[in-house]
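Below, all heavy atoms of this structure are taken into account, side chains as well, without hydrogens, waters or symmetry copies.
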Amino acid sequence: SGDDDDDVHPQYQKMTDTSATDKPFVLASCADDNKGVPYYGVEVFKKHLNVVWYEDFLKNKEKYSQLIQGVILWVTKPTVDAALLDALPNLKVISNIGAGVNFLDLDLLASRGLTVCNTPRILNETTADMGMTLLLASARRLLEGNQIVRDPNIKWQVNFCGRQVSGATLGIVGMGGIGYAVAHRAHAFRMPILYHNRNRRPQVDEEAVRAQYCATLEELLPQCDFVIIVTPLTAETKGMFGTKQFQLMKPSATIINIARGGIIDTDALLEALQNKTIAAAALDVTDPEPLPDDHPLLTLQNVTFTAHHGSATVETRSSMMALAVQNLLDALSGKPLVNQVI
């Protein structure tokens with residue numbers, strides 16, 4: 001929590017410190033603020049684990065292969081495949097920093113008798129903040145406005161306008177923890193809220209944010225000015241948004257995706273934007289991710305991008321890393337697991 005005055009993050013305070021001899025050996029990708037585990041993660045790793053960085057492991061497999069009992073994953077790395085599992089005969093736990101585990105072969109891991117943990121819920125508020133950030137930035141054409149001020153070749157336009165957010169209708173696809181946190185924010189903007197979810201939420205939850213349940217996307221989409229995707233990527237949700245769904249939306253509508261890129265058919269989205277079937281898109285995630293440099297989506301002014309930064313605050317990422325370490329320690333010591341995937 002950002003309002004905690006103590007220098008030590010609250011997640012760390014709950015964690016029992018372990019002496020060097022008790023610390024389990026755990027494989028992790030690399031310590032690198034740009035493309036690996038950042039400094040604040042390295043600190044908590046080293047406090048509680050004997051960390052073996054992947055490059056070191058490759059050079060010293062004989063030394064480490066019997067010792068490593070856990071793998072801690074950051075941004076899908078290190079890659080967990082059959083070859084790695086074969087090289088780690090005493091592996092017991094795979095702990096992912098993040099909620100989504102769609103990149104893992106869960107059947108393979110289950111067949112090896114491994115425990116898999118993740119860090120859901122802890123990122124709900126921060127990711128919901130990003131959803132509203134993208135919605136507002138797209139609606140009010142923030143990046144274009146920024147460019148007008150910065151670029152001496154662009155004249156200020158008296159009639160430069162965006163879209164109204166307050167009072168506009170929001171459709172939330174996926175009303176789990178993040179979706180419901182988005183609903184709370186949207187309610188503060190006095191936005192009528194429609195939502196589609198596998199299961200309807202309790203009436204008390206709906207009333208708290210004045211949300212109305214839609215059993216189908218066909219019912220929800222035509223009514224919304226903004227549609228935000230907050231559902232996990234599964235076999236059922238892959239390609240959930242295609243040509244048919246975009247055609248159901250208002251021509252003035254904006255699609256926002258803070259979930260996973262694969263939920264949207266990228267070609268269908270490009271076509272919908274080019275043909276003005278919908279007005280705009282705001283994407284924290286894409287398929288593929290990252291997009292190739294020459295991808296036509298990158299040329300469109302009516303698309304706002306962030307680089308999969310939904311949970312990217314130091315406070316939340318620190319909490320996620322601490323929780324992933326705690327999950328791993330709990331699994332190895334046989335304690336009950338709150339965040340067990342398999």
Check: residues 223-235 side-chain donor-acceptor pairs under 3.5 Å, at least two apart:
from	atom 1	to	atom 2	distance (Å)
Gln223	NE2	Glu219	O	2.9
Asp225	OD1	Lys250	NZ	2.9
Asp225	OD2	Thr169	N	2.8
Thr234	OG1	Glu236	N	3.2
Thr234	OG1	Glu236	OE1	3.3
Thr234	OG1	Thr237	N	3.2
Thr234	OG1	Thr237	OG1	3.4

ask   = Given Lys23 and His48, is the side chain to side chain contact (heavy atoms under 4.5 Å, CB included) satisfied, shown in steps?
value = CA-CA 6 Å; Lys23 291 177 183 177; His48 301 282; 5.8 Å; no
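- Every residue two or more places apart in sequence or in another chain was checked for a ring-ring contact (aromatic ring centres under 6.0 Å, His included) with Phe305, and none qualifies.
- Considering only residues two or more places apart in sequence or on other chains, Arg200 meets the salt bridge (Lys or Arg N to Asp or Glu O under 4.0 Å) condition with Glu206.
- A donor-acceptor pair is defined here as one N or O able to donate and one able to accept, closer than 3.5 Å; such a pair exists between the side chain of Gln245 and the backbone of Gly242.
- In this structure, the side chains of Tyr64 and Leu27 stay at 4.5 Å or more apart for every pair of heavy atoms.
- Under the side chain to side chain donor-acceptor pair (under 3.5 Å) criterion, the residue pairs touching residues 123-135 are Glu125-Arg185, Thr126-Thr316, Asp129-Arg185, with sequence neighbours excluded.
- Crowding of Arg121 atom CZ: a count of heavy atoms from other residues, nucleotides or ligands under 6.0 Å exceeding 12.
- We find the CG-SG distance between Asp56 and Cys30 to be 12.5 Å, quoted to the nearest 0.5 Å.
- What you find for Ala137 and Thr304 is that their closest heavy atoms are CB-CG2, 4.4 Å.
- No continuous path of ILVMFWY side-chain contacts below 4.5 Å connects Val51 to Phe57, so the two sit in separate hydrophobic clusters.
- Between the side chains of Arg201 and Asn197, no donor-acceptor pair is found at a separation under 3.5 Å.
- Using a 4.5 Å heavy-atom cutoff, the side chains of Leu104 and Val80 are in contact.
- By the 4.5 Å heavy-atom criterion applied to side chains, Leu49 and Phe25 are not counted as neighbours.
- Remark: Gln340 pairs with Thr115, Leu337 by the side-chain contact (heavy atoms from CB on, under 4.5 Å) rule, at least two apart or across chains.
- The shortest heavy-atom contact between Leu217 and Pro222 is O-CD, 4.2 Å.
- You'll find the side chain of Leu114 stays beyond 4.5 Å of the side chain of Val93, heavy atoms only.
- In this structure the side chain of Leu85 reaches within 4.5 angstrom of the side chain of Leu91, judged on heavy atoms.
- Counting only residues at least two apart or on different chains, the salt bridge (charged side-chain N to carboxylate O under 4.0 Å, His left out) pairs with a member in residues 59-74 are Glu55-Lys59.
- Of all non-hydrogen atoms in Cys214 and His196, the two that sit nearest each other are O-ND1, 3.1 Å.
- Between the Asp107 side chain and the Ala110 main chain, no donor and acceptor come within less than 3.5 Å of each other.
- With sequence neighbours excluded, the residues forming a side-chain hydrogen bond (donor to acceptor under 3.5 Å, both in side chains) with Asp86 are Arg112, listed by chain and number.
- Leu136 and Leu283 fall into different hydrophobic clusters, where Ile, Leu, Val, Met, Phe, Trp and Tyr side chains are chained together by heavy-atom contacts under 4.5 Å.
- Here the CG atom belonging to Asp287 is positioned 9.5 Å from the CD1 atom belonging to Ile264, to the nearest 0.5 angstrom.
- Residues Gly261 and Asn257 approach most closely at CA-ND2, 4.0 Å, considering heavy atoms.
- Between the side chain of His308 and the backbone N or O of Val285, no donor-acceptor pair lies under 3.5 Å.
- A donor-acceptor pair under 3.5 Å links the side-chain atoms of Arg141 to the main chain of Cys161, judged by distance alone.
- Between Phe241 and Asp265 the shortest side-chain heavy-atom distance does not fall below 4.5 Å.
- In this structure, the separation between OG on Ser311 and CD1 on Ile178 is 9.0 Å, given to the nearest 0.5 Å.
- The distance from atom CD1 of Ile172 to atom CD1 of Ile256, rounded to the nearest 0.5 Å, is 10.0 Å.
- For Asn96 (side chain) and Gly100 (main-chain N/O), a donor-acceptor pair under 3.5 Å exists by modelled atom type.
- In this structure, Val42 is a member of the same hydrophobic cluster as Val314, with clusters built from ILVMFWY side-chain heavy atoms closer than 4.5 Å.
- For residues 200-223, the pairs satisfying ring pair (Phe, Tyr, Trp, His ring centres under 6.0 Å) are Tyr195-Tyr213, with sequence neighbours left out.
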query = Should Leu106 and Val101 be marked as a side chain to side chain contact (heavy atoms under 4.5 Å, CB included) after you check the CA-CA gap, both sets of side-chain angles, and the distance that decides it?
reply = CA-CA 8 Å; Leu106 295 177; Val101 291; 4.3 Å; yes
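- Considering CG of Leu123 and OG1 of Thr313, their distance stands at 9.5 Å, rounded to 0.5 Å.
- Put simply, the side chain of Leu84 does not reach to within 4.5 Å of the side chain of Thr79, judged on heavy atoms.
- Side-chain contacts under 4.5 Å among hydrophobic residues (ILVMFWY), followed directly or transitively, place Ile148 together with Val149, Ile154, Trp156, Phe160.
- The nearest pair of heavy atoms linking Ala279 to Arg163 is CB-NH2, 4.4 Å.
- Side-chain N or O atoms of Thr286 include one that pairs as donor or acceptor with a backbone N or O of Pro288 at under 3.5 Å.
- Taking the six-membered ring where tryptophan is involved, the planes of Phe45 and Trp53 are essentially parallel, since the angle between them stays under 30° and well short of 60°.
- A donor-acceptor pair under 3.5 Å is formed between the side chain of Asn118 and the backbone N or O of Ala99.
- Summarising the geometry, atom OG1 belonging to Thr119 is positioned 4.0 Å from atom CE belonging to Met320; distances are rounded to the nearest 0.5 Å.
- Contact of the Thr306 side chain with the Leu134 side chain is registered, since non-hydrogen atoms from C-beta on lie closer than 4.5 Å.
- Without hydrogens or angle criteria, Arg210 side chain to Pro192 main chain gives no donor-acceptor distance under 3.5 Å.
- A salt bridge links Lys244 with Glu218: at least one charged nitrogen is closer than 4.0 Å to a carboxylate oxygen.
- For residues 166-194, the pairs satisfying ring pair (Phe, Tyr, Trp, His ring centres under 6.0 Å) are Tyr180-His184, with sequence neighbours left out.
- Each of Leu88 and Leu329 belongs to its own hydrophobic cluster when Ile, Leu, Val, Met, Phe, Trp and Tyr are linked at side-chain heavy-atom distances under 4.5 angstrom.
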For residues 66-75, which side-chain donor-acceptor pairs fall under 3.5 Å, sequence neighbours excluded?
from	atom 1	to	atom 2	distance (Å)
Gln66	OE1	Asn90	ND2	3.4
Trp74	NE1	Gly36	O	3.0

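- Taking each heavy atom of Pro78 and Ser29 in turn, the nearest pair found is CD-N, 3.7 Å.
- Under the 3.5 Å distance criterion, the side-chain polar atoms of Asp151 are left unmatched by any main-chain donor or acceptor of Gln147.
- Sorted by first then second residue, the salt bridge (charged side-chain N to carboxylate O under 4.0 Å, His left out) pairs that include residues 67-80, not counting sequence neighbours, number zero.
- Looking only at distances, no side-chain donor or acceptor of Asn275 sits under 3.5 Å from a matching main-chain atom of Thr277.
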